[in-house]
Amino acid sequence: MSEVVIRSGDNEVVAQVIEATTGDSGFDISSVRSTLGMVTVDRGFGNTAESASTITYINGEAGILRYRGYPIEQLAEKGDFLEIAYLLNYGELPDKGQLETFTGQITRHSLLREDMKYLFEAFPHDAHPMQILASATSAMATYYPDALDPKDVDALDISTRRLIAKLPTMIAWSYKYRAHQPYVYPRNDLDYTSNFLNMMFSVPAEDYEPSPVIARALNILLILHADHGQNCSSSAVRLVGSGQANVFSSVSAGIHALSGPLHGGANQAVLEMLEQIVADGGDVSKFVGKAKDKDDPFRLMGFGHRVYKNFDPRARIIKSVADDVLEQLGVDDPMLDVAKQLEEVALEDDYFVSRKLYPNVDFYSGIIYRAMGFPADMFTVLFALGRLPGWLAQFREMSLDPASRIFRPRQVYSGPADRDYVPVDQR
Ligand code: SDX
């Protein structure tokens with residue numbers, strides 16, 4: 001076990017190294033404050049791990065992503081989303097019997113309590129669906145209060161299944177409410193993504209058959225979004241859960257964190273950016289120039305990543321799925337061409353090359369979601385649907401870890417020193 005020595009004046013910390021099986025190892029700084037009388041500072045935690053994790057491995061320099069050791073390329077091509085949800089939460093790919101049991105449990109938990117309708121109907125019709133989803137997910141702790149103990153594995157299994165089963169119904173019902181259309185109930189004869197599409201897009205007035213092309217493409221997209229290590233929203237789930245809040249409250253915090261345009265909200269922002277470019281005449285070089293201009297708040301949404309300093313492997317797969325899906329659906333979306341032009345111009349520009357800014361998972365996904373018929377304000381909700389198994393796996397790993405502690409970071413205080421109160425008539 002190698003070690004790292006940190007010195008300050010006459011004081012010295014010998015930090016034990018925590019060896020990684022693959023990628024960056026870490027060194028334990030838990031005695032730094034008691035020994036050196038100082039704390040470490042790392043804005044945005046770009047160099048800091050709260051703990052080890054066995055779930056997802058990312059090599060940002062090489063553009064590698066693996067769930068429990070399996071390369072994302074293989075899982076996206078050959079996997080089923082519920083199979084991957086099982087892998088993330090239980091650590092191994094399920095055998096045939098385990099997969100049938102898990103899939104059957106999810107299928108038979110997809111109904112919502114009928115009185116949850118009133119929750120959706122309490123929102124304004126123009127409410128953003130991420131706000132509705134975060135609220136409804138949090139409210140699940142009140143509708144399903146019988147399995148909330150985060151330390152009880154059986155309760156965690158029940159709530160995990162409830163969330164994976166019911167999120168599609170919640171998402172579809174919030175969409176139907178906002179669209180002033182009747183709710184469509186789950187159908188147990190359909191697979192997970194076909195059932196979701198049916199709840200989203202079928203109407204009582206005519207027959208509807210979910211497109212196998214769209215169902216298959218959605219399965220791939222959900223797998224690609226399923227987990228991504230200690231990203232902003234997964235860290236929010238862990239932080240809230242570290243205080244032993246229940247899984248619904250913790251996942252709700254993750255949904256809120258994901259909604260930001262620097263995180264999952266970027267997929268909606270990308271489409272809005274592409275529409276802005278097209279409306280402005282389609283000059284992508286002009287917008288690449290704006291993105292480089294420090295005085296211009298415009299950013300190339302869907303570009304750049306805290307970890308990937310190479311192509312995001314998910315973006316590469318989504319780009320090829322976009323070509324296939326649009327061709328199979330006979331959709332000719334000019335936004336795809338603009339996105340490809342934007343990528344080409346940016347990746348030849350030193351500003352982006354020198355900062356290693358490549359397209360990320362959000363750059364092409366919105367184009368596919370739009371071709372599938374989803375409105376732009378639902379793109380981030382679809383990201384949340386995909387990320388749910390990852391949030392649940394991160395919550396489970398943290399909650400069941402006996403070494404886990406409540407998250408309580410330190411600070412470097414830089415405010416006013418000690419001073420006395422001054423009465424208002426003397427200020
Ligand atoms: C996701 O963490 C995850 O794993 C997240 C995610 C997941 O699966 O959970 O992968 C999902 O959130 C993907 C990211 C989606 N967000 C966007 O596409 C928004 C646009 N991207 C950026 O805002 C930015 O790249 C971030 C937020 C993604 C990363 O921010 P960092 O790591 O804090 O990097 P930074 O802001 O410090 O940027 C470094 C430099 C800066 O320039 P300099 O100060 O060196 O001159 O790069 C520039 C930035 O100005 N820069 C960009 C840019 N992204 C970074 N300049 C123009 N356009 C951009 N998109």
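One is the number of the first residue; the rest follow in order along the sequence. The model shown is predicted, which means the values in this text are computed figures rather than measured ones. Atoms within each ligand, like the ligands themselves, are counted from 1 in listed order.
- With no hydrogens or angles considered, a side-chain donor-acceptor pair links D157 and Y90 at under 3.5 Å.
- For the 3.5 Å distance criterion, the side chains of S242 and R405 fail to qualify, holding no donor opposite an acceptor.
- Residues lining ligand 1 at a heavy-atom distance below 4.0 Å are given as H228, N231, P261, L262, H263, A266, A291, K294, R299, L300, M301, G302, F303, G304, H305, R306, R314, Y351, R355, L357, N360, D362, F383, R387, ordered by chain and residue number.
- Outside the 6.0 Å centre-distance limit, the rings of Y57 and Y70 are not counted as a close aromatic pair.
- Remark: E275 CD to M335 CE distance equals 4.5 Å, nearest 0.5 Å.
- Classified by interplanar angle (parallel below 30°, tilted 30° to 60°, perpendicular above 60°), the ring pair Y86/F102 is perpendicular.
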Return a table of donor-acceptor pairs under 3.5 angstrom between the side chains of residues 120-133 and protein atoms on other chains or two or more places apart.
residue, atom, partner, partner atom, Å
E121, OE2, Y183, OH, 2.7
H125, ND1, Y177, O, 3.1
H128, ND1, M130, N, 3.0
H128, NE2, Q268, OE1, 3.0

